[in-house]
Each structure stands twice: as structure tokens, then as C-alpha cells.
Amino acid sequence: MIEEVISSKIQEIAYECKVEEAMTKDVITVAPSDTMVDVWMKLRDKRISGLPVVSEGNLMGIISVEDFIKCIIKGRKYEQVKNNMTTHIEFIYSDEPLIHVFKKFEKHRFGRFPVKERDTKKLVGIITKGDVIRCLLKRLEKDYYEEETQKNRMKNIFHDIKSDKTTVILKYHVKGKEFKKAGEKSSLLKNALLRLGIATEITRRIVIASMETEMNIIIFTDGGEITIWVEEDKIKVNAVDSGPGIPDVEKAMLPGYSTAPDWVREMGFGAGMGLPNIKNCTDEMHIDSVVGEGTNLEFTVNLKK
Amino acid sequence: MNIHKVKQIINAEVICGEDLLDLDVKMGCGCDLMSHILAHINHDSGSVLLLTGLTNPQVIYTSDAVDIKVICFVRGKRPDDDVVKLANERGVVLMCTQLPLFESCGKLYKEGLKGISEND
């Protein structure tokens, strides 16, 4: 299971990362006119096993330890590189994803691939298996670090602020009858709660209840205000509007009882599930309503320790 | 079932979220009543596919409230650009199919996509 997670993560990175992020940019090269002894000295000093042969930035061939050994055997170590190099070159473009490099390593048995820039066709780097692994590890570490700091920032809002009691208050003004924007405030609230580090399960309950509340204000009233108190142990929401009020609260609490007009139903709401659903999603709910004056709805969700 | 498969089964066109088609959906819900969604999808719904004939912004807001990430509009309906924008901002995949709601649901169910009451 964990292997699956890791390998799918690595695959994701391998598709995301470009060759240029992983490649070595300072390429050690030789010129076609250099001798095989020059090649040997470079290979020895840099502890590598192959070199691109470059002339004016253009990739002409590849020369490797084997090529050098062949020359030694034939006693031609002072010969020029251009007569001994491999000219059939497998290369890769710098803008290709790393996954292409994997596939190339699988297909060809070379230890490295020269990297060309697609437009100019000039050599811009070289890539080995080591480069690929280093790049993947670096990205994994970076992603992990970001996830961790994100988690910490989220978790600690109430721990970071030293006081005897910390309350974050959020206020949303909801305009009545403005159906086009119905739901927007609850969506904003969702982001705010997640940002404050509230667990997704709790956030979902609050947002569902607030969405129902927002709908009610938009459908039935001329507007109202939703206030949210986020505290360490609970989230309390209060919604106030200035009318028309609910004639029979008990009836309004019955699932399926609705006084919503047709235009609301056509838009997928007004099924008489609002208030019962708010009750379902919350730990405490209280509603005060006076016809002609307005409604005051309050609900609370407790945060589990 | 990943979204590529869903797309193929109901011959759907992807409107946005093209890069998220590897996401898995485990349950399907065919519904034009957003109230119903708010009332009945309140568990972890990250893997619910919503099929609906409604294309207003409230479909996105409602889905957002219950964490639905994949929505398919049926009967060839297409949402306005502002709805697509809302979906994009939330990383929600939008698709549309010419099939009616019942047939879309039926085809997906036949291929093994479960209903929301069957989730274990």
C-alpha cells in the first residue's frame, strides 16, 4: 500500500518535472580535434565514463571509456576524437518530462543522455540516472516539507495565539433575493475554516448548515447577516434577518414542509429540508422568529478534542 | 472507476479539469435537487460523481459544501462561463453528456458505479 502511494507520487513528479530541472548544466565536453589522451585525462580527473563531443555548441558525438580502451588496444591513443566517437547519438530535449528519460534508460543501455535545447538544437546539459534520482528526491523532500509546514500553520492558530480565550469572528452580509450569488458566502466560509485549521468533517457540517441558512435568507428575506465565532472548542453561528419571520417554527422544522416559491424550486432548492438539515448537521440549534420582525437562528458545532 | 472510464461510458465531453481525469469516483448521485444533496451527502463525498440537469452556480456552491469534485451535466446542458470559472477555482471537474439523467445513471450503475446509499 505505502509502496503504491510512493510510486504513484514519484510517477506524478516524473510527469511534472522537466529534464532541464534534473540535468547537469556544466557539461564537461571534448572537441572533435582533441586526442584520445585528452579524453582519458578528462574521464580520469572527473571520474566519469563518457563525454559529449561538441563543436561550436553543437553535439557531434559521444566518446566513452570503451572507445578509449579500443584505441589503446589498437595503439592509437593519439588519434583524434572525431575518428573514434559514436556518432549515432540518443539525446533528449530539455523540455521533455523526466518520465521520458526513464523510458529511454529502459530502452537503451546507455548511462547518460545529452540534453539539447529544442529550438537551437545546441547541447545544454547531460542527464544520468543519478541526476534523475537526485531530482526526484529533492522534489519529494520539498513536497513533504510544504505539506508539513502547511499542516503546522493550520493546526496551530489557536495554539500560537496566547490568550485566556481566543475567538475568531467572521461576518458575512447576505443580500435578499440575489439568487445568482446564493452559496457564495458559504463557499468563502469553507475556505476560511479550512485556513483556520478546522477539520474537514467539522467544516463540512458547518458549511452545509450555513449554506441552508444563506439560502433561507436569500429566498425568504430582504437580507441578513451571518456571524461565525470560531473558538478552540466550538464553532457558533448566528444568522439574523429583518423579516418576514416564520409563522409556525414547529411546522418549518418538519422535513418536506416548504413555503418556497416555484422559482426557488426550479433552481433546485426549497424542498423543505433546510431547517431539519441544519438541525442534523449541528450539535445545538435554536431558532427565534417573530412574524413581521425577523428570525434569529443560532447553531453550534462542538470541536472534538 | 476513474473519470476517463465515466467519460467513455456515457460518452461525455470534459468542460474543465482535463488534468484531473485520473481521479476515482466510487459513488454516483443523479439529482436535480440541491437541497437533497445538502441533506443526504454529508459523509466523505470526495469520490461522489454528481449527475444533474441544473447548470446554475448553486450546483458548484452546493457541491463545494459537501466536497463533490466531479459533476456531469446531462441532456446536453452546458453551464455559463462564470460557472466554469467557479469550478476551475475549486478544482472541480465538469463534464457534459447528451444522454438524459436516467440513462446516464443506468449505464454507469451497470458498469459498477455504486449509489450513495450503498457506500460501506
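Every chain is numbered from 1, with letters handed out A, B, ... down the list of sequences.
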Sort [X] into side chain, backbone, both or neither according to what part of it lies under 4.5 angstrom from a heavy atom of chain A.
| X | result |
| --- | --- |
| B:L54 | side chain |
| B:T62 | both |
| B:D82 | side chain |
| B:N56 | side chain |

Hey, is the main chain of A:H286 close enough, under 3.5 Å, to the side chain of A:E298 for a donor-acceptor pair? no

Using a 3.5 Å distance criterion without hydrogens, assess whether the side chain of B:E111 forms a donor-acceptor pair with backbone atoms of B:I9. no

Go through the steps to decide whether B:E89 and B:K85 satisfy the test salt bridge (charged side-chain N to carboxylate O under 4.0 Å, His left out), and finish with yes or no. CA-CA 6 Å; B:E89 286 165 1; B:K85 187 166 167 268; 3.4 Å; yes

Partner of A:I235 by side-chain contact (heavy atoms from CB on, under 4.5 Å), out of A:L196, A:D283, A:T282, A:L193: A:L193

Counting heavy-atom pairs under 4.5 Å with chain A, which one of B:P57, B:S35, B:A65 comes out on top? B:S35

With chain A as the partner, which of B:R90, B:H36, B:Q58 has the greatest number of non-hydrogen pairs under 4.5 Å? B:Q58

Nearest-0.5 Å distance that lies between atom CE in B:M1 and atom CE in B:M27: 13.0 Å

Between chain B and each of [options], count heavy-atom pairs under 4.5 Å; write down the option with the most.
| options | value |
| --- | --- |
| A:M215, A:E266, A:R265, A:E184 | A:E184 |
| A:G268, A:G183, A:A271 | A:G268 |
| A:K181, A:M273, A:M211 | A:M211 |

Is the shortest side-chain N to carboxylate O distance from A:E12 to A:R139 below 4.0 Å? no

Pair A:K138 + A:E141, salt bridge at N-O below 4.0 Å: no

Interface moiety of A:S186 toward chain B, non-hydrogen atoms closer than 4.5 Å: neither

